[in-house]
Amino acid sequence: MVRDPSAEDDAPDVDTVLDALHDEDCRTILAELEGPETARTLLERCDIPRSTLYRKLELLSEATLLREGTEIREDGSHASRYEVDFEEIVVTRDGSIQIEIERPARSADERLAEMWSEVRREL
């Protein structure tokens with residue numbers, strides 16, 4: 001099923017977000033992302049093995065802390081590009097631990113492109 005990260009009822013599990021934030025490699029990736037970047041660029045900037053990098057990108061995506069898009073190149077090939085998908089994370093304790101993730105505002109075009117990327121992954 002296509003996930004709409006902006007939907008409130010599709011919020012990530014608290015444990016998934018905390019696991020991603022607790023992971024040193026994930027924090028390194030988040031710190032190094034300055035804009036939409038490919039995994040190849042992140043490999044050059046982070047001191048993380050390739051297989052580990054892809055696992056960490058998946059963890060960050062599951063936690064909805066990264067947004068993945070597709071870059072279509074002139075030669076017809078494509079590459080995934082990753083971008084930080086939060087401005088602020090607030091952790092509160094009110095009987096249980098709760099997390100609020102403040103997202104950057106997105107245009108309708110960006111939301112449509114993101115949903116298309118989700119559909120493409122399911123095919």
Task: Shortest non-hydrogen contact from C26 toward A20 - done: CB-O, 3.1 Å

TODO: Work out which heavy atom in T64 is nearest to a heavy atom in P12; give both atom names and the distance.
DONE: OG1-CG, 3.3 Å

Task: Beyond-backbone contact of V91 with I97, side-chain heavy atoms, under 4.5 angstrom - done: yes

TODO: Could you please spell out the steps behind the side chain to side chain contact (heavy atoms under 4.5 Å, CB included) verdict for T92 and I99?
DONE: CA-CA 6 Å; T92 57; I99 292 182; over 6 Å; no

Task: Donor-acceptor pair between R67 and S61 side chains, under 3.5 angstrom - done: no

Open item on the list: Applying side chain to side chain contact (heavy atoms under 4.5 Å, CB included), can you list everything that pairs with R81, at least two apart in sequence or on another chain?
Closed with: P36, T38, E71

Task: E102: side chain to side chain contact (heavy atoms under 4.5 Å, CB included) partners, not counting sequence neighbours - done: E87, E88

Task: Any residue meeting side chain to side chain donor-acceptor pair (under 3.5 Å) with D94, in chain and number order, not counting sequence neighbours - done: none

Task: Other residues, nucleotides, ligands: >12 heavy atoms within 6.0 Å of E100 CD - done: no

- [ ] Indicate yes or no: at least one non-hydrogen side-chain atom of L66 is less than 4.5 angstrom from one of L30.
- [x] yes

What pairs of donor and acceptor atoms, side-chain ones from residues 46-56 against any protein atom, are under 3.5 angstrom apart with sequence neighbours left out?
| residue | atom | partner | partner atom | Å |
| --- | --- | --- | --- | --- |
| T52 | OG1 | R55 | NH2 | 3.4 |
| K56 | NZ | D23 | OD2 | 2.6 |

Open item on the list: Run L60 and I29 through side chain to side chain contact (heavy atoms under 4.5 Å, CB included) and show every step you take.
Closed with: CA-CA 9 Å; L60 287 164; I29 292 167; 3.9 Å; yes

Open item on the list: To the closest 0.5 Å, what do you measure between CG (D85) and CG (L33)?
Closed with: 11.5 Å

Task: Separation of F86 CZ from L21 CG (nearest 0.5 Å) - done: 6.5 Å

TODO: Could you pull out all residues at least two apart from R45 that satisfy side chain to side chain contact (heavy atoms under 4.5 Å, CB included)?
DONE: E32, E34, E37, T41

TODO: List in chain and number order the residues that pass side chain to side chain contact (heavy atoms under 4.5 Å, CB included) with E58, two or more places apart in sequence or in another chain; answer none if no residue qualifies.
DONE: E62

Task: Spatial distance of atom CG (L65) from atom CG (L59) [nearest 0.5 Å] - done: 8.0 Å

